[in-house]
Amino acid sequence: MTGVQTCALPIFNDSFNVTSITDNSTGDYTVTWDTDFASANYAVVALSTRVGIFMDQLKTAGAVYVNTLTGADADADAADVCVIAFGAQ
C-alpha cells in the first residue's frame, strides 16, 4: 500500500497484495493482505506524513494495524501513509 489518503474512506494509490484498508478511528488503520503471510513473523515498514507511526502488536498473518501519531503521541490522521511488508507467504 502506498499513499493512503485520509478521507472518509482510505484509498490506494497503488496496491500490491492489499485487499483493503480500514480507517478504524483517528490515526488508526488496518491493512488487510490479499494473500496472507505464512505466519505473523514478517517484517513491516511504515512511513507517514505525521511525526510518529506505530505498528500495533496485533499484527496477524492476514493484517497489520498501523497508528499515526503527533509529536505528543496522540492519534492523528496523516495525509499519506506508506506500508511495506516482507515475508514468506
Side-chain angles (χ1 to χ4, degrees):
M1 161 182 93
T2 59
V4 175
Q5 306 292 317
T6 55
C7 56
L9 296 172
I11 59 171
F12 300 78
N13 284 347
D14 206 345
S15 165
F16 299 95
N17 193 38
V18 175
T19 296
S20 66
I21 307 163
T22 304
D23 186 354
N24 302 311
S25 63
T26 302
D28 181 15
Y29 308 94
T30 301
V31 179
T32 303
W33 310 121
D34 184 33
T35 301
D36 288 359
F37 284 89
S39 71
N41 297 323
Y42 57 93
V44 178
V45 178
L47 303 169
S48 83
T49 54
R50 293 309 255 168
V51 171
I53 194 158
F54 172 73
M55 243 72 83
D56 200 308
Q57 298 301 314
L58 298 175
K59 179 177 70 171
T60 67
V64 65
Y65 306 89
V66 177
N67 291 91
T68 53
L69 309 167
T70 67
D73 289 336
D75 289 345
D77 287 335
D80 292 299
V81 177
C82 302
V83 176
I84 304 167
F86 303 91
Q89 291 182 301

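In this chain, numbering begins with 1 at the start of the sequence shown.
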Enter the distance from Thr60:OG1 to Asp36:CG here, rounded to the nearest 0.5 Å.
7.0 Å
Which residue is it: Val83, Val44, Asp28, Asn24? I am looking for the one with a side-chain contact (heavy atoms from CB on, under 4.5 Å) to Val66.
Val83
Using every non-hydrogen atom in the two residues, find where Ala63 and Thr30 come nearest and quote the distance to one decimal.
CB-CG2, 4.1 Å
Could you check whether any side-chain N or O of Thr68 sits under 3.5 Å from a backbone N or O of Ala76, counting only pairs where one atom can act as donor and the other as acceptor?
yes
Can you tell me if Ser48 uses its side chain to pair, donor with acceptor, with the backbone of Val81 under 3.5 Å?
no
Counterpart residues, side chain to side chain contact (heavy atoms under 4.5 Å, CB included), relative to Thr35 (two or more places apart)
Asn17, Gln89
Phe37 vs Tyr42 aromatic rings, parallel, tilted or perpendicular, using cut-offs 30° and 60°?
parallel
If we count only N and O atoms by modelled type, under 3.5 Å, do the side chains of Asp75 and Thr26 hold a donor and an acceptor together?
no
Are Trp33 and Val18 packed together at the side-chain level, in the sense that at least one heavy-atom pair is separated by less than 4.5 angstrom?
yes
Is there side-chain contact between Tyr29 and Thr22, with heavy atoms separated by less than 4.5 Å?
no
